[in-house]
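To start, the structure under review is shown below, and the notes come after it.
All heavy atoms count here, side chains included; hydrogens, waters and symmetry mates do not.
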Amino acid sequence: MGALLAGITLIAVAGGQTAPERGQGLGAWPMGLASSMLVLCGRRWALALLPLVLTVAVSTIDVYRPFEVALGYGLSITAETALVWWILTRGRDERPTLQENRDLHTLLGVAVGGAGLGAAGGMATSALTGFGSPALVGISMLTAHAASQLVLLPLVVLLAEHEPLAGRAEQVAQWAVVAVATPLAFWSAEVPSLVFAVIPLLTWGALRASPRVAMGQMVLMIMLGVTMTVTGRGPFAAAPEVFELPVEARGILLAVFAMTCALMVVPMVVSVGLQELTSRAVAGERDKVRRIVDGATGVAIVVTDERGLVTTFNPGAERLLGWRADEVLGGPTTHFHTERQLEEKARELGIPWRGQPSVVELVHRLTEADAGDTLLGFLRKDGAERMHTVTVRKLHDDHGAVVGYLSTSEDVTEQMATQRALEEALAVERNAVERLREVDAVKDAFVSSVSHELRTPLTSIHGYLEMLEDGAFGELTAAQSQAVRKVAANGTRLMSLIDDLLTLSRLQENGLGIAADRLDLAEAVRTGWAVVAPAWADRDLSLRLRLPLAPVPFDGDRDMLERVVVNLLGNAVKFTPDGGSVSVELDVEPETATLTVRDTGIGIPAEEQSQLFTRFFRSSLAQKGAIPGSGLGLSIAAAIVEQHGGSVDVRSAEAAGTTFMVRLPLRGVATADPTARSGDAAADPATAGSSAEEATPERDWALG
């Protein structure tokens, strides 16, 4: 910072020494160097340096201008320096950049705007002090300050650095040519335009050298021009006398020359840097795309130009098609397909096939309206034909013109074969299921028919058995009576099985045909209990029936509901060994009646409980214990409950008994008051199933 301030002071003093005696301007005051100092020092020091800039400006200008003029010029310089620093840095410590077009526009605007502010201050000073012509002072300060800012500010901003295109020898030649050609161009005053002939040298450096070197060459050329001019050499020094111009014309013309150099070099350096950054980005994206394309080994990626010639053939295409990239690059894509494959695809797309020339039309049609994936046959190098899913897209340039086509494809031959095999297997399975349904229907029809046919002779058999038991054909001996009872018992079992089969047949054909009659649900439960009562007559079981005292109105089919009780209670008695217990309870809530059938029998294994309500299912424990049964009772009970809008839940474990809970909705009926209950009351076993009229709040029959 101290070195910069000292440099500003020395240059300002030297500039004052070179200022024309009769001039009205400032001479070579280093405006750009003052602004650059604030940019480099940052916000922390910038505000403190502004008073020093004012002090240096006033003290150095006061040497060759009146004090009041020096004060006015000094204030103008300080204001311009502050404005340029604030706009470039936005009051922050960050260094400004000069890497994009908007940065260039900012720099140009700052240089011209700051110079305009300084010129306005100089004109005001001239008008107030009467020193010189305000217009001439303004023009002189505007050009000098703008040139200084444009030349020096680019040296302190962040440029888009890049490696020079020129080699070391070429760079040395650039410096040498600038150093030699500039003094020669400024040597003679006879040909003023000759000085502008050295500007192409700056273009050479801006295009071929690094940004800093190009800026350095520009500064060197301007410094040589200033030196030659202040020493009286060159067209700018002689212009006031030759063309009878004010002495300020020398500085104005020199400033215009410097501005021309800066406006040639700075934008070109920015453009070259921007192009370099863009090239790097494009190269990076190109490398990224290349890595993606090369890494897609499972996808064939083929790119062609607008004529259909291959320009890209990735490793995936090499693997799937069998060709090497060097074998197909630059050639057509027609050898990837057979004539038949192309003709089939053309026919599918509605294109008249005329042979090879129609391939281009086929590609155009595939790219229309983003058709998406399509199946297309491919021919491998080894002659094998494969099926690919293909997506074709047009490639456009920046102007929208088609420059090529991108094709991505995957081999789906095996997938298609697998899909066909699955479809065939599915068709076979569908046919098998249909046949099974037919067989099942025939079986059900047979079971229904046989059940109906068996019911009539069994009814006759039961009738004759009853006549035998009553002695209609003579008195039976004890052995004969026992035999008749066994036949009757087995006939009853057979009749029960037939009833189950007939019920199942009704369920499969058109449902059970539930009759919605008003009934007492408690009475239906008690009736079912009475039906099963003979099954425990000779058993050592503890039985318990608990019903509400008040009737339980319910809309349903009495016979079917009694059948639910018979099936559940019958299973409980059948699967409970002697010494166990069975209970039936009916609980009523405001909207639901719950029938609970609980036993302490052999239970049901947990892994089999999901099959309980399947037709003909019998648990492994029942089969192991040789306990007879058809496996239809629970499925029929569940169907009846479901058609009444209810549900059946089961809780069981092996050797831990089973509990069935049937929940039935009491829809639209007046339910019994669930509070009208009290403790259990035991009754004689002989009253089970009878119409008891006891003074107990709740009906309870306990059998032991």
Side-chain angles (χ1 to χ4, degrees), residues 512-536 541-573 581-599 636-651 658-704:
L512 293 174
I514 297 298
D517 299 325
R518 179 60 59 94
L519 58 96
D520 180 3
L521 191 58
E523 187 67 24
V525 173
R526 186 170 63 250
T527 302
W529 170 279
V531 171
V532 184
W536 65 67
L541 295 175
S542 174
L543 293 111
R544 186 181 194 82
L545 171 64
R546 185 166 64 84
L547 301 173
L549 177 61
V552 182
F554 186 79
D555 292 334
D557 191 312
R558 178 186 300 274
D559 293 337
M560 291 299 171
L561 293 171
E562 290 175 0
R563 190 178 188 88
V564 171
V565 178
V566 170
N567 287 358
L568 296 179
L569 180 57
N571 278 355
V573 172
S581 63
V582 176
S583 66
V584 177
E585 301 175 359
L586 181 62
D587 297 304
V588 181
E589 297 178 355
E591 297 182 358
T592 306
T594 302
L595 172 66
T596 304
V597 180
R598 184 180 293 107
D599 66 63
I636 293 175
I640 294 172
V641 172
E642 182 178 350
Q643 292 203 15
H644 279 84
S647 63
V648 182
D649 295 325
V650 61
R651 290 199 297 266
T658 302
T659 300
F660 284 94
M661 289 172 291
V662 177
R663 293 182 174 85
L664 295 169
L666 299 175
R667 295 170 299 206
V669 298
T671 61
D673 185 357
T675 62
R677 299 178 179 276
S678 65
D680 298 337
D684 189 281
T687 64
S690 65
S691 174
E693 297 181 1
E694 303 174 6
T696 57
E698 184 173 51
R699 291 174 284 180
D700 192 310
W701 290 266
L703 306 180

Over all heavy atoms of both residues, which pair between [X] and [Y] is shortest? Give the atoms and the distance, please.
X: Ala524; Y: Leu519; answer: CB-CD1, 4.5 Å
X: Trp536; Y: Leu569; answer: CZ3-CD2, 4.1 Å
X: Asp559; Y: Asp557; answer: N-OD1, 3.1 Å
X: Phe554; Y: Leu666; answer: CD1-CD2, 3.6 Å
X: Pro534; Y: Ala530; answer: CD-O, 3.6 Å
X: Val588; Y: Pro548; answer: CG2-CG, 3.9 Å

Keeping Asp599 on the side-chain end and Thr658 on the backbone end, is there a donor-acceptor pair under 3.5 Å?
yes
If we ignore hydrogens and angles and just use 3.5 Å, is the side chain of Asp520 paired with the main-chain N or O of Pro553 as donor and acceptor?
no
Separation between [atom1] of [X] and [atom2] of [Y], rounded to the nearest 0.5 Å:
X: Arg546; Y: Asp587; atom1: CZ; atom2: CG; result: 4.5 Å
X: Trp529; Y: Leu547; atom1: CH2; atom2: CG; result: 9.0 Å
X: Arg651; Y: Arg598; atom1: CZ; atom2: CZ; result: 7.5 Å
X: Arg663; Y: Ser647; atom1: CZ; atom2: OG; result: 6.0 Å
X: Glu562; Y: Ile640; atom1: CD; atom2: CD1; result: 11.0 Å

Does Val662 form a side chain to side chain contact (heavy atoms under 4.5 Å, CB included) with Val565? I'd like the steps, not just the answer.
CA-CA 10 Å; Val662 177; Val565 178; over 6 Å; no
Which of these passes side-chain contact (heavy atoms from CB on, under 4.5 Å) with Leu664: Thr592, Leu595, Leu561?
Leu561
